[in-house]
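Every chain is numbered from 1 and lettered A, B, ... according to where its sequence line falls, protein lines coming before strand lines. For the numbers below, each heavy atom of this structure counts, side chains included, while hydrogens, waters and symmetry mates do not.
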Amino acid sequence: MRAWLLDDSPASRFQAASGRAYRITLDLLRNPLAVTGALIIAALILTAIFADTIAPEGPGGQFLDQRLEPPSAEHWFGTDQLGRDIFARVVHGAQITLQIVALVAIISAPLGLVLGAISGYFGGWIDRGIMGVTDVFLSMPKLVLALAFAAALGPGIENAIIAIAITTWPAYARIARAETLTLRNSEFVAAARLLGASHTRIITRHVLPLCTSSMIVRVTLDMAGIILTAAGLGFLGLGAQPPQPEWGAMISGGRSFIYDQWWVSTFPGFAIILVSLGFCFLGDGLRDVLDPKSERKG
Amino acid sequence: MAFQDIRSGVIGGTAIGILRFIIVVALTFLGLLALTFFIGRVVPIDPVLSVVGDRATPEQYEVARVAMGLDRPLIVQFVSYVADVLRFDLGMSTSTNRPVAEDLARVFPATMEMASLGILIGVGLGVPAGVLAAAWQGSWVDQVIRVFALLGYSVPAFWLGLVGLAVFYAWLGWVEGPGRVSIYYDGITPVVTGLLTVDALIEGDWDVFKSAWSHIILPAAILGVFSLAYIARMTRSFMLDQLNQEYVTTARVKGVPEWRVIWVHAFGAIRVPLITVIGLSYAGLLEGSVMIETVFSWPGIGNYLTTALFNADMNAVLGATLVIGAVFIIINKVSDVLYRVLDPRSREGSR
Amino acid sequence: MTAPAISLENLDIAYDGLRVVKGVTFDVAPDESFALVGESGSGKSTVLKALCGLAPEWTGKMEVLGQPGPHRPDRALAQRCQMVFQDPYGSLHPRKTVDTVLSEPLSIHGIGDKDARVQQVLEDVGLDARFRFRYPHQMSGGQRQRVAIARALMLEPEVMLLDEPTSALDVSVQAEILNLLKRLRAERGLTYLMVTHNLPVVSFMCDRMAVMNKGEIVEIAPATALHDGSFSDPYTQKLYAASGGNEDQ
Amino acid sequence: DTPPDILVVAQNIDDIVAIDPAQAYEFTSGELVTNTYDRLVQYDAEDTTVLAPGLAESWEIDAEAKTIVFTLRDGVTFHSGNPLRGEDVVGSFARVVQLNLTPAFILTQLGWTPENVEEMVTAEGNTVTVRYDGDFSPAFVMNVLAARPASIVDMETVMANEVDGDMGNEWLNANTAGTGPFSLNTFRAAELIRMDANPDYFNGAPAIDGVIIRHVAESATQQLLLEAGDVDIARNLTPDQIAALDGESLQIDTFPQAAVHFLSFNQNVESLTDPAVWEAARYLVDYEGMTNSIIAGQMEVHQAFWPEGFPGALTDTPYSYDPERAAQILEDAGVELPITVTLDVINSAPFTDMAQSLQASFAEAGIEFEILPGTGSQVITRYRDRSHEAMLLYWGPDFMDPHSNAKAFAYNSDNRQETYTATTTWRNSWAVPEELNEMTRAALTEADPAAREEMYLELQRRVQENSPIVIMFQASYQVGMAANVSGYVNGATSDFVFYRLVDKS
Amino acid sequence: MSLLSVENLSVSFPTPKGRVNVVDGVSFDLGRERLGIVGESGSGKSMTGRAILRLIRRPGEVTGKITFEGEDLGALSERQMRQMRGAKISMIMQDPRYSLNPVMTIGAQIAEALRTHERLPRAEIKARVREMLEAVRINDPDRVARMYAHELSGGMGQRVMIAMMLIPRPRLLIADEPTSALDVSVQGDVLALINDLVGGSAINPEGMGLILISHDLPLVARYCDRILVMNSGRVVETCAAKDLHKATHPYTRGLLAAVPKMHETRETLPVMERTT
Ligand SMILES: Nc1ncnc2c1ncn2[C@@H]1O[C@H](COP(=O)(O)OP(=O)(O)OP(=O)(O)O)[C@@H](O)[C@H]1O
Ligand SMILES: Nc1ncnc2c1ncn2[C@@H]1O[C@H](COP(=O)(O)OP(=O)(O)OP(=O)(O)O)[C@@H](O)[C@H]1O
Ligand SMILES: [Mg+2]
Ligand SMILES: [Mg+2]
């Protein structure tokens, strides 16, 4: 199997692709930070899937007579101001976090990627136009911008995420554009043009695939900020609605307890830190591995 | 030495280049204006209500609405908005009852002071950390710096602020608490620059300076941690790029000591892109100060912006947004220009 | 004499308004192998690029296989005229297998029977089937250049523009590629316009040569002139001398 | 530490929009006006439940002629040094009516208009004659004249600072021109209020030299400041922070408040119009659970619209948490379940927590709330628009007369969308039965205090039993103070916060 | 005593398939002479040159013994090695565009090479830099000293490189493909210049040893005394330059035959058997 994967002369497309994936995985595994990151993300996904098994009591159950209890054998992370088990809420919050991560990744990265690639590839007034827009977007305070879009879309976590995605794409467009600029004049693009490939084809088949790795890296690195912006929107009433156990909202909700009932905001805080670290580590590791520079040579 | 003849480099040289630059900046500003204006209209908070309160009669409401010009067609409102902004008239803040421009002139220096100190801390620690991490790539130093930098990415700001206050103010007593200066000294220093520490020094008032310093250092340090994370990461990756370059080997072949290879050769080449990074994170700190300012009761633009947001004070929100945006654009463009002026590679060659 | 495969008359080419090729005039006959030599920056590659539409700012007269020259890459022309680039490392997409690279021209032009054609062309350029699913980084420079040539051959063009196809390669690999190119020309009756700065290569590969200096053609001579160095232009003579021309006779 | 003779207060003051008494309409600005201005008659620091002489020494009421004649106190001066004159009273009232800003309605209900106000209020020497138009109980009129917009300003100074005919409005929003125990030294919105003691205050100079109110938005930060001794009073601590305060050097004071907290249902929403739903709702609030936990010390159970501690308040609390009973009521009435509606709530403590508690308890009977937290202005925008469904909010009387709340909770004579009225009834689209409207009007005119009280009790009972408004709690206010602070007075509304008796020794 | 003696030098790098020797047991001696190292790409020429200067960094590993003027380079501390680099042994890199610091003036870079090894007054350093630039036949040394790398043409850049490497007067110069990035017409000039300077000149009266690394056989034959042919990390043949055409090893012969001639008459060029 290993030999099949590492074969220098694969016999099929499938073998070639899996070989590449395998090599990337191997490289990742050699990178302790990346492994840590991947484990954290895996844990997040598993927690989200098995939330009901891990914490069967659910995130909502209120027991006003058991409020603000410190961590104990019964309540590992203590209870919050409504007597809800913080552990259960953190566990169920994983689902929301995963939703945020997935939606932002699905919306903003492709949007930024495509616009950035178009901008960089065509240059000229198209470039100036798109980059003008990104300049404007980038120069707005993120929260205000997200607030406006969330407001326009209506309250709710999904809309908040869409709003965040709308505010994040310009940064990705910048990256994609910078990357495209270096690719635009490359000989393989010239070769493709000579073969009669259309601009669409060149952008989608030749340019975009090479921008994705830096995009993946950047998106993973941004995750922490995205989770926190989502929390900030929730705080302004446009994000997750109570009683959703959204981690950022939980921290905000526990702010006034921080000195006397530290566990209320600390555990969701740790959860955010852990997951962000996981994404950052993975992103860092991916950058080392996916960097086309390191792949181009033998 | 390396930059001895900076002055000889000219941006684009010609008047056309400068004109083009101005047009680009102006268009960006116009876009920013349009976006802020759009935001003001789309937010589901009635700006009139924030002026008249919830118990006003319909007549009072209508009078205020007309007074605020909200009865006119959108496009007319936008045009007059742009015209006003060009005259530095950002309208009246409905929550402070003062011209927004005046408010901003008051709160902006406070944020600038904190952000500037923050960026100094961020640069002072982040750049060496990044350089060291790159020089010792893969070693434990590198790992520690990377993990620390990543932590800086992931910790919620207000959480760090509250914990910082509890530890350094309440528990250890190393710093003074929230606010800009002790109430004893509030308002006694004449405003020259608006930066309290600087003003106190100009005035030669040590007590005020000490109090102000003791107040600013903690929030600035926390801001610094955030910029540090970004700056250290970027420095590291820039340095790694350079250290793999052939000219670094050349320097080693000459027998140049390792510290010189790193700090003079490799670092010399990344100074210019670093300026952009630092500029961007400086602008980022202006924006990122929102949460920190709330925690530290810092009378800055972040605080102003949140208060305005909560009070549906749209003029103030737009004004603050505009100022932050303008700073962003300016920093962006200035670092572009610096890039071109400072980097010998982008200057017109003699070839 | 039949109509020339490539005909240039008073061709000027500019980049952003800056003229880098000035008044170039020459013809390449069908089946001929024509060399363009000159020092770096003299505009050799630019001429090739203009011929396939990659340098849109040109004036003058330009004809490829009887068609007027393009101002942008042209699908119809692509089937008749192809180019091979100098750098085998940069001219292949780093994330695509040989198979993908070679099938792409077929998909673009809607040509079927991909499998057989890819196999055939790999054989033609002397790569065995093991290479079909490799990525560029799994191949040597010479092998990559073969893939690049194979890609150009996929559409079965009549004219090949070769931009220093061997300058990034070792002597031994260069020999293989030169042999390959020579063989292909013989088999398929191709017309070559080849840029190089290596005069011995011209001597091996080409029938005629044009010497460029600073954007202008200073001399057009038969390749046999290399045997005795009978050049009229001083620049050409200098070039000849610098290439060790007078020594190894 | 704080300076010895200055009181330092940590408080969230970012609600202030205006500090001109003719415009001030927020909590914190109310406090500012109270401490810097006086009214003819006022509830004073010594006893906030008794209407005491203010700038008027004495008065005579002629209920028949609808006239009250006030005799002004001698020797009172404004902060500027100008003596108090009858013209200042006339000018101050006229100013409010003519500017016609939000709080103006409090005075204009006396029948004053911009045109007639200078005839309704006249001055002669040191007497001021106040006439009113309408069937009002004189007690009501006196309460109106003790309200915030009836503060007396130094007309000479104010008019000297007039710009563009604004009657000094802009200037008064940055300065004060009153007779009160303190004068404003500095006001920086959302940053700082600094007041200096007025040594010539007619009721005796304050014991301290001044008050500094620092804006501190985070309650956790307020807690730290108080514990570190850097402020003397922290005004916005949460119950849990209060509970955790270290008793040695700190003290906690609790002050009952006039605001009532309620849950209301917009009658535009079909599923919320059934009286069975209203009734069931009354059994679905976990009154005890909440007051013992999330709002302990901040609210008391109170189920009528007029707050306890004021004449005429209904103190019965007939409802308690009983989900089975609620379910039964809904079932008997054949209400289609589940009912799913949004619940608007202001996104700050303790409201979001209360909303979540309501969400949990209402769910037991099949009423599902989807909570929509928002900033205060966001919530009010929707409320005013009547675009909310259920609403969790509170109401504080505009002035201390039961009519202020009766009008808000038991009166709605015109329920059309275009005739906006700032009452809880209109804003919940509740077309109040004509009978209740009648009763409200009658109570307003009743001259006999005992009979009037009885009428208000009846009104409260009706609303308590059958209305889409579930009144749940009455607010109380907890303040954390340094042990050496005494004499801080915090009455039932923000208009009754007094610093003049504070002593720090 | 020879200037440099290399014994059993190996350089290895880790690969997914285990450690691979890219230089494999290379031994040779060098006097004050011009030695050419030729071989195909990847045959380990550059690695040999870098190993001599101890420039191979992790994860690469070097074994074997290198003696320079009787001193064992492997035994030197990093500090002593730095004093050796530049001052005693120098190396010219392939491509001046990448090998010169892009943000330092030419003058500063040359001066640095000198200053690293000798404490001299400013004025004298300036004079030496000027003198050196003149020696590499740069017309306007003062102006060039103020220029940046990107402002130079390839030929000028390579001259600057030579000046920079020769200014501390080393005893051994390693030139790693010094001309492959240059135009044919310039190549000759640069090589002639190196040749002159090595042979002893005003700049370096004692002359020095030269290792010229290239893949261009005819060129090496023209400029060197002795030639070392490398293939896959091993030395396959050593011969005097003038005897190159008499080389016996099939690999060397193969390389020679593969080079096209100016008056080419062969229909195909002979190619070598290769394994991949
Ligand atoms: N895309 C471009 N934009 C602007 N100028 C260009 C561009 N490409 C080439 N040039 C300039 O045009 C001139 C001719 O370039 P060209 O690449 O044709 O030279 P060449 O003869 O092929 O040289 P070489 O042997 O180095 O490949 C050069 O001066 C070069 O700097
Ligand atoms: N860091 C490294 N890791 C692994 N292998 C390496 C590394 N650096 C070089 N090599 C390998 O070492 C071998 C010898 O490289 P070297 O640079 O000495 O070749 P060369 O003879 O100089 O070739 P060229 O003519 O192309 O410069 C090559 O196969 C190369 O792939
Ligand atoms: Mg070229
Ligand atoms: Mg090499």
Side-chain angles (χ1 to χ4, degrees), chain A residues 32-33 36-37 128-129 131-133 135-145 147-155 221-225 227-228 231-232 235-238 247-248 251-252 254-256 258-259 262 265-266 268-269 272-281 283-284 287 293, chain B residues 24 27-36 38-45 143 146-147 149-151 153-159 162-163 165-166 170 233 237 241 244 280 283-284 286-288 290-291 295 302 305-306 309-310 317-318 320-322 324-333:
Chain A
L33 280 188
T36 318
R128 274 193 294 272
M131 284 304 116
V133 173
D135 257 355
V136 170
F137 270 72
L138 284 174
S139 59
M140 297 279 297
K142 263 255 181 60
L143 195 66
V144 176
L145 199 57
L147 179 89
F149 284 110
L153 292 166
L221 289 177
D222 280 355
M223 274 312 158
I227 296 173
L228 291 175
F235 187 66
L236 290 171
L238 290 164
W247 292 344
I251 306 185
S252 301
R255 283 202 293 183
S256 63
I258 192 163
Y259 295 132
W262 53 269
S265 62
T266 302
I272 291 192
I273 294 175
L274 195 68
V275 168
S276 320
L277 272 185
F279 276 110
C280 288
F281 285 168
D284 248 21
R287 176 178 46 206
K293 264 180 263 162
Chain B
V24 167
L27 279 178
T28 316
F29 269 113
L30 194 68
L32 186 64
L33 283 173
L35 202 57
T36 47
F38 163 77
I39 285 174
R41 305 301 130 175
V42 92
V43 168
I45 306 176
Q143 307 283 7
R146 284 170 83 181
V147 170
L150 290 179
L151 266 178
Y153 260 50
S154 352
V155 184
F158 61 83
W159 193 78
L162 287 171
V163 170
L165 265 182
R233 288 179 66 96
S237 81
D241 278 354
N244 286 327
L280 278 182
L286 292 181
E287 183 194 335
V290 170
M291 273 302 179
V295 170
L305 184 61
T306 19
L309 261 179
F310 275 92
V317 172
L318 298 189
T321 308
L322 213 54
I324 293 177
V327 172
F328 253 91
I329 293 176
I330 291 169
I331 287 181
N332 234 323
K333 299 297 173 198

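- In this structure, the side chains of B/Val147 and A/Leu33 come closer than 4.5 Å at one or more pairs of heavy atoms.
- Side-chain atoms of A/Asp135 and B/Ile329, non-hydrogen and from C-beta on, never get closer than 4.5 Å to each other.
- Heavy atoms closer than 4.5 Å to chain A are found in both the backbone and the side chain of B/Leu151.
- A/Ile258 touches chain B through its side chain: at least one heavy atom from C-beta onward sits under 4.5 Å away, while N, CA, C and O do not.
- When heavy atoms are compared at a cutoff of 4.5 Å, A/Phe281 approaches chain B by way of both its backbone and its side chain.
- Annotation: side chain of B/Leu165 is in contact with side chain of A/Tyr259 (closest heavy-atom distance under 4.5 Å).
- Residue A/Leu274 does not touch chain B at all, counting heavy-atom pairs closer than 4.5 Å.
- Highest contact tally toward chain B, considering only A/Thr266, A/Ile273, A/Leu138, is held by A/Ile273 [criterion: heavy-atom pairs under 4.5 Å].
- Contact tally against chain B (heavy-atom pairs below 4.5 Å) for A/Ile251, A/Val133, A/Ile272: the top residue is A/Ile251.
- Residues satisfying the salt bridge (Lys or Arg N to Asp or Glu O under 4.0 Å) criterion with A/Asp222, sequence neighbours excluded, are A/Arg218.
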